[in-house]
Novice: 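The structure's right below; bear with me while I get my questions together.
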Amino acid sequence: MGRTFRIKVRMRRFRRQHPRIAFAIRSFMIFSATFGGAYGFVTGSRSENSGYDPNTFAIGASFLFALACLGLATLSMRLRFVNKRMRKLAAHNEALIDRNWELKEAEERARSLFEQQGDLIVLRDHQGRITFANDAYCALAGQARSALIGTRFDFDVLEQGDSARESNGTRIHDQRISTSSGARWIAWREGFVRLDAGQPAELQSVGRDVTDRTETERALSDARDQADAANRAKSRFLAMASHEIRTPLNGIIGMGGLLLDTTLTPEQTTYARAVKTSGEALMALIEELLDYSKIEAGKLDLDQRPFALSTLIEEVTELLAPRAQAKKLEIAAYVDEQLPLEVVGDAARLRQVLLNLAGNAIKFTASGGVALLVEPGIWPNEISFLVRDTGIGIAPEAQSRIFREFEQADDRVARTYGGTGLGLAISERIVKRMGGRITLESEPGKGSTFEVAIPLAPSQGSAGQTTFPSPDLAGKSILLVAAGIEASLIARRLERWGGQTCLVTDATVAEALLPERSWHAVLLDRAFGSDITDRLGEAARAHATQRLVLLTPSSRHEKLSTAFTGFLVKPLRAASLAARLALAPEIASPDLAPEPAEPASVRPRTSGLSILVAEDNEINALLMRSLLTKLGHRVVIAVHGEAALESWLAASSAGTPYDLVLMDIQMPQLDGIEATKRIRAHEAATGGHHTPILALTANTLVEDRYACFEAGMNGFLIKPLDREKLDEALAGLAASRQLTV
Ligand code: ADP
């Protein structure tokens, strides 16, 4: 079957390829057959031996005739069939001619589109010869197409930009080229295209003139560089200016403080106090501006040191407690106990953010209170700090605006409360720099909650440590008679320690509840008023088995009812509460034990240091002398670095070295850095006593601090200095001196 088909195919192909030979063979065969048949028939009928029979002849003739008719009929059918196919072919042919026209038209359109493109289009063969160039390319080259085709023409490249390659192999690059109409920037896209299957691929380059865009970008980038430089200059200027302003301001505030310590008439006291508060307000403003300019100039360097979370939060609450209590507001904090004890980060900057948020919360709250909650965040190692208040709230349309610099929610409110509108802008930038976010939820009239969520990794050494042992209150009943934010936080903490806490916010209910059972401890809040708490205290005495504690704002010196076994100062420190509850039963031998020791009370007092103060500003020198003398130290003033060095050398060689040098940084003749270097060099050469040197500076730029440490200083004190700051700095020194002596 296959073989027959192959033979047929071959014969057809032969007929197609050699139609004449096929025609000749076919004609010859038809002629031979016809002739052979006719000849045989005629000869056969004529032969004598043929036994001619007219009947048979007639039959034969009619058979032949029939055969001829059949042949003719077959031919006619074949002819009709062929005609039909011919008509079909003709119709097909016409369709093909139409299609051909359409294709030609489309090609024409595509070609004219291609040629009239605004973009430059050029095709080159594998030897770099141009095979096609559109009108735009010819116009830019300043030559006719016919002159370009077949040449290796290319533009002169004046500047070559970066080049990149796309995943499909297309190369993209920018070039600045020299053209007949001047230098132009062209963005090229180049790739290989195969136009004909039998031909090698051609390089197609499509270029877009981006001169305007590139020049605008360059102008923008130049403008940005200039703005950056101006910004840096501005922040340097601000730093310098603020330094210059701080120095006299330091004098004003310090002298105001000293004046207030003298005997003054009430009127004079009012004026002196006004001078001091105005100076402090101005100092706060300068500090905010300086901070802002530092952040703007990208000079915010973050520290990465371990710090205790609860200490930081307690510091913030305690610092703000007097302000809150002055407005009869509550302030309380709660640090979730699942959080690591110590985390690594910039505690000072975090404190600044929290102080701003909690400070605002107190400022914009008239009744109720402020809570600081610290909880695990939504991401691993993220910690969420919530500052919640019951204040005036913020209108929805102002909520995003207030994070912008110098923006306040409401001008009328701003006039009442004051402020610069910089605090939140600074806080947000610090938080972002720490890799965190700050969000706000607020309803006017109901209060606001600011949330700061930042990544803070636990410190390596703190795993498994605890600041204080938690008291075991499992199964013990505790009655907490208190109201407000702090009450619920204390209750939460007591429950964490296992206590069965009964929180009562109404004194009458508490009185009724007292006889219900015997209470391990009863905690009463002074906020109900001294009469009520004293009465409740007396009533509770019979039902409290171990202790009866008064929670009081800060009036430690207030006379307590003898019913109480002790007191705790609000805002409550978790450690103090734990220590108080862990004490031996106090009811049996009631005495007014003082609150468990706090760091401040164990701090050693400073005692008579001999101090050299290098300070060129007369007023500041006078201020330092007064402050230090009042703190019980002996002071020698040197008015420039040279004098300080001489005085230090003289004291050392006389065998009475100074205990401390307070060194101003900017001084005439010899500045503080240089004077320190010389002192350290002398100490190294003689192997003598190492004198602690603290820088005295109004400049808070980080590079200045580095310079201080590099010169060999032990630390620095930032102006303006007040008695507390100075006392604190010197206390540590005096303590270490006592230890080493
Ligand atoms: P300042 O407090 O110096 O005006 P901030 O940037 O700290 O600047 O705050 C901007 C504004 O946001 C405030 O003026 C106040 O209108 C609004 N605001 C901030 N915190 C609170 C808050 N806790 N309750 C109500 N309004 C607030």
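Keep in mind that what you see is a predicted model, and the values were worked out from it rather than measured. When a ligand or atom number is given, it counts from 1 through the structure's own listing order.
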Novice: Relative to atom 20 (N) of ligand 1, which among Asn360, Leu440, Thr449 owns the nearest non-hydrogen atom?
Specialist: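 Nearest option to atom 20 (N) of ligand 1, by heavy atoms: Asn360.
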Novice: Which atoms of ligand 1 sit under 4.0 Å from any heavy atom of Leu422?
Specialist: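 Near Leu422, the atoms of ligand 1 are 6 (O), 8 (O).
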Novice: Between Arg496 and Asp336, is the closest basic N to carboxylate O distance under 4.0 Å?
Specialist: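 Counted as a salt bridge, because a side-chain N and a carboxylate O are separated by less than 4.0 Å.
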Novice: Closest by any non-hydrogen atom to atom 1 (P) of ligand 1: pick that one out of Gly421, Gly393, Ala361, Ala284.
Specialist: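 Shortest heavy-atom distance from atom 1 (P) of ligand 1: Gly421.
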Novice: I'd like to check which ligand 1 atoms, numbered from 1 as shown, lie under 4.0 Å from a non-hydrogen atom of Gly423.
Specialist: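 Heavy-atom distances to Gly423 below 4.0 Å select 5 (P), 6 (O), 7 (O), 8 (O).
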Novice: Tell me the contacting part of Asp389 for ligand 1: side chain, backbone, both, or neither, using a 4.0 Å heavy-atom threshold, strictly below.
Specialist: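 The answer is the side chain of Asp389.
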Novice: Do you see a donor-acceptor pair shorter than 3.5 Å between the side chains of Thr311 and Glu314?
Specialist: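 The answer is no; no qualifying pair exists.
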Novice: Is the closest heavy atom of Lys363 to ligand 1 under 4.0 Å?
Specialist: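 Distance cut 4.0 Å: Lys363 passes for ligand 1.
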Novice: Could I get the full list of salt bridge (charged side-chain N to carboxylate O under 4.0 Å, His left out) partners for Asp303, not counting sequence neighbours?
Specialist: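 Checked Asp303 against salt bridge (charged side-chain N to carboxylate O under 4.0 Å, His left out); matches are Arg305.
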Novice: Do the side chains of Asp346 and Arg433 get close enough for a salt bridge, i.e. N-O under 4.0 angstrom?
Specialist: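 Result for this pair is no, no salt bridge flagged.
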Novice: Are Glu441 and Thr449 linked by a side-chain donor-acceptor pair shorter than 3.5 Å?
Specialist: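 Side chains of Glu441 and Thr449: no pair found under 3.5 Å.
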Novice: What residues form a salt bridge (charged side-chain N to carboxylate O under 4.0 Å, His left out) with Arg401, not counting sequence neighbours?
Specialist: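 For Arg401 the salt bridge (charged side-chain N to carboxylate O under 4.0 Å, His left out) partners, ignoring immediate neighbours, are Glu407.
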Novice: When you compare the side chain of Lys432 with that of Arg437, does any pair of heavy atoms fall below 4.5 Å?
Specialist: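 Sidechains of Lys432 and Arg437: no contact.
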Novice: Measure Leu357 to ligand 1 on non-hydrogen atoms and call it side chain, backbone, both or neither using the 4.0 Å cut-off.
Specialist: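 Near ligand 1, Leu357 shows nothing, with every heavy atom at 4.0 Å or more.
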Novice: Out of all atoms in ligand 1, which are within 4.0 Å of some heavy atom of Ser448? Include the element for each.
Specialist: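 Going through ligand 1 atom by atom, the ones under 4.0 Å from Ser448 are 24 (N).
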Novice: Using a 4.0 Å heavy-atom cut-off, which part of Leu424 comes near ligand 1: side chain, backbone, both, or neither?
Specialist: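 The answer is both.
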Novice: With a cut-off of 4.0 Å, which atoms of ligand 1 are near a heavy atom of Ile394?
Specialist: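 Answer, ordered by atom number: 18 (N), 21 (C), 25 (C), 26 (N), 27 (C).
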Novice: Can you list the atoms of ligand 1 that are under 4.0 Å from a heavy atom of Ile402?
Specialist: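 Listed by number with element, the hits are 11 (C), 12 (O).
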Novice: Would you say Phe450 contacts ligand 1, with heavy atoms under 4.0 Å as the rule?
Specialist: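 Contact check Phe450 vs ligand 1: positive.
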Novice: Salt bridge between Arg246 and Glu287, side-chain N to carboxylate O under 4.0 Å?
Specialist: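 Salt bridge: yes.
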